[in-house]
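Note that these values count all heavy atoms, side chains included, but never hydrogens, waters or copies made by symmetry. Naming convention: chains lettered A, B, ... in sequence-line order (proteins, then strands); numbering from 1 in each chain.
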There are 2 protein chains.
Amino acid sequence: MVLIGAFQARHLLDRFAVGFGIYFTYMRKLARIFDVAKEAGVSPGTVSKVLNGTQRMAADTEARVWKAVSKLGYQANWHARILSTGRSEALGVVILDILNPHFTALVKGAGQVASNQGYTVLLADAEEDPGRELNLIQSLRARTDGLILAGSRLSDQQIASLHSPEQPIVTVGRRIPGVPSVTVDEYTASLQLTGHLVTQGCKRIVYLAGPPFWVNQERERGYQDALALAGLPSQVFKLTSPDLLGGEQASALLWTVQPFPDGVICYNDLVAIGLMASLKTLGVKVPQDVAVAAFGNHPLAAHLSPSLTHMEIPSRKLGELATGLLVELLKKPQEASHVQQYAVLRPRGSTQRPEVA
Amino acid sequence: MVLIGAFQARHLLDRFAVGFGIYFTYMRKLARIFDVAKEAGVSPGTVSKVLNGTQRMAADTEARVWKAVSKLGYQANWHARILSTGRSEALGVVILDILNPHFTALVKGAGQVASNQGYTVLLADAEEDPGRELNLIQSLRARTDGLILAGSRLSDQQIASLHSPEQPIVTVGRRIPGVPSVTVDEYTASLQLTGHLVTQGCKRIVYLAGPPFWVNQERERGYQDALALAGLPSQVFKLTSPDLLGGEQASALLWTVQPFPDGVICYNDLVAIGLMASLKTLGVKVPQDVAVAAFGNHPLAAHLSPSLTHMEIPSRKLGELATGLLVELLKKPQEASHVQQYAVLRPRGSTQRPEVA
DNA sequence: TCCGCTTTAGAAAACGCTTTCCTAATACAA
DNA sequence: TTGTATTAGGAAAGCGTTTTCTAAAGCGGA
């Protein structure tokens, strides 16, 4: 399994950073607080207080301590410090796949906010070792003050049972009673996207469904409702995986529909891209034969040929908000709150049907 | 700054994973080894020995311990354990930008190998807080047993001074005397790629240069040598940043060349993609007016329009090899070794010049 | 000059785990 | 039986911090 995180150095040591490195070569062991204390002619407790600003000391004492720190290139032992304080000042982020740009953008956002707030982020790539996810999460939990779950396959109940005021959990793209969350209004997004295809004149619109969690449920529901409203038939296929490969394999599914669909809504960008590649090799033209649209914010959606229409999901913003929320909860425990964002329709070439344009 | 890592739970606890979660809700504090010992009627030392398999115990004692562990949902405190053993069983990976697929692929590879070897990976995104990179690396170092530097802006000297047998460093894409490394034969790759453009009939080939480190030096050298061999002029421009944005901005540079270049070699895929997008808006046709090629392994290179010719860099493999090497060094210190891989030319549409094809 | 209050800094006890002795108990051979 | 070899499991000393408690010193006011 893979952990990813945002890391922050201790602020008080920053100013002495330059030049540190050179000492390491000559040191057998890293300097301990005891060594600094000896060098400065004070006690370890005093050094700790000066470094953390916990208690003011005489000016010259502080100066001696800082000088010793600088001279020895002292870095506090992270683990000892955590053990002593009981706070790791680290947040855990669980994502489904580090190769999916949605999640990396989310991590980027989370990392930035965490960094500003003085936290480190540890990231776990759940895909790497499926089946042991609960295990992964518990271990991650043991190392952090709180968790952001952005792509977990755990059940609602499991997640709810892990959430506690001392070690809060924030979910992204998933609504569980009692658990704080940050979500996109996927239902409305899906209504809009499906509506867009209808407007483009599509009559036989298929939905390629992702993992059976909240996000997909909402997207599927919006799709169904929009089609019902338009008086059109619906057809849902389950993807083998919500990525490029899954998209490529999905083209086979489409042939089971007679006549061939004239519109496809994909669970995410990667699926759409994989699908379009596969359709191209099969000689099916996008958007002339079939329009393709997706949910996501792949940075290259506009660079493809045809460019990809999607409901733009603010991945990075989600990461930022989730982290902000988690930090709030850590500062003072409070009621679970739900933050909602909105997706934006980006109409592009993949749904620009000739008869309409 | 952002840390990313691969995480692994302690193997011996795996079998008891299912069902753990439910206990957390009712527990004020996490169970300690002392609680387990009391529950099992043994001493903490015994519990430790059973859990780690350090010393064999009577069968029924072991059974009682495991039962207590399971009942209390015990998870060893990670930090206490590290403090005690002195080994964190974590590796640090420093990358330049988590949004760059080259680095995420590398991390994926590193995470997998690390996981297999019982290590956790912590990843730092250096881009998030440039200027404090030395600081970041030192802090990362304080938490891990060894480091993989895949995108550092530190000087060779700084890196060399950080490397030690106790806390080894492996660089990726950078050759520093005395420091183990994993690299691609960038020089040959560049010779090949430039040669490909020459073969395609390009006469005025420009190179868009990345950060001034080993990789770029080698690519630039290969470019220069290939052109010298072909008796063609060379022209190098420095990118503002080695990503999409940098590529977009680079189109402005090309206009300073008269007549307009008919071939561009980009430091990486993202640059090429940004450049092509920018050229498209300017009405410059690729590959008719100018051929574009790059180094990289962007998963969508083949999906673009035109599809992108590049020397395929085995990013994931690099991550795997670097991690393997680092683990070796951790097992038993040895001479710094250098592992080399090769890039593969993937000719695609962006260099398929009409007069040749 | 003395008393009490504030500041400065040290001693020592956690934090939760591992690991090294070391003892007591058991098994085995003579 | 006795003596020796082996094994099971406990006691306690770290690992490097932080933090609380307390003593000493310095200071102003009476």
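Between B/N77 and C/dC15, a side-chain N or O to OP1/OP2 separation shorter than 4.0 Å is absent. Taking only side-chain nitrogens and oxygens, A/T54 never comes nearer than 4.0 Å to OP1 or OP2 of D/dT18. Side-chain N/O atoms of A/S48 include none lying less than 4.0 angstrom from OP1 or OP2 on D/dT17. When the side-chain nitrogen and oxygen atoms of B/T46 are compared with OP1 and OP2 of D/dG10, one or more of them lie within a distance under 4.0 Å.
Which of D/dT17, D/dG9, C/dC17 sits closest to the side chain of B/I33 comes down to C/dC17. Of the candidate nucleotides D/dT19, C/dT18, C/dC17, C/dC17 has the atom lying nearest to any side-chain atom of B/Y74.
A/S84 contributes a side-chain N or O that forms a donor-acceptor pair with the base of D/dT17 under 3.5 Å.
Both A/R64 and A/G45 lie close to DNA chain C; mapped to their nearest nucleotides by heavy-atom distance, the more 5′-ward contact belongs to A/R64.
Distance CZ (A/F34) to P (D/dG14): 13 Å, rounded to an integer number of Å. Atoms CH2 (B/W78) and P (C/dT18) sit 10 Å apart, rounded to a whole Å. We find that NZ of B/K49 is positioned 14 Å from P of D/dA12, with the value rounded to whole Å.
Checking B/S152 against B/R174 by side-chain atom types alone, no donor-acceptor pair falls below 3.5 Å.
Residue A/G86 is classed as having no contact, given no heavy-atom separation below 4.0 Å to the nucleic acid.
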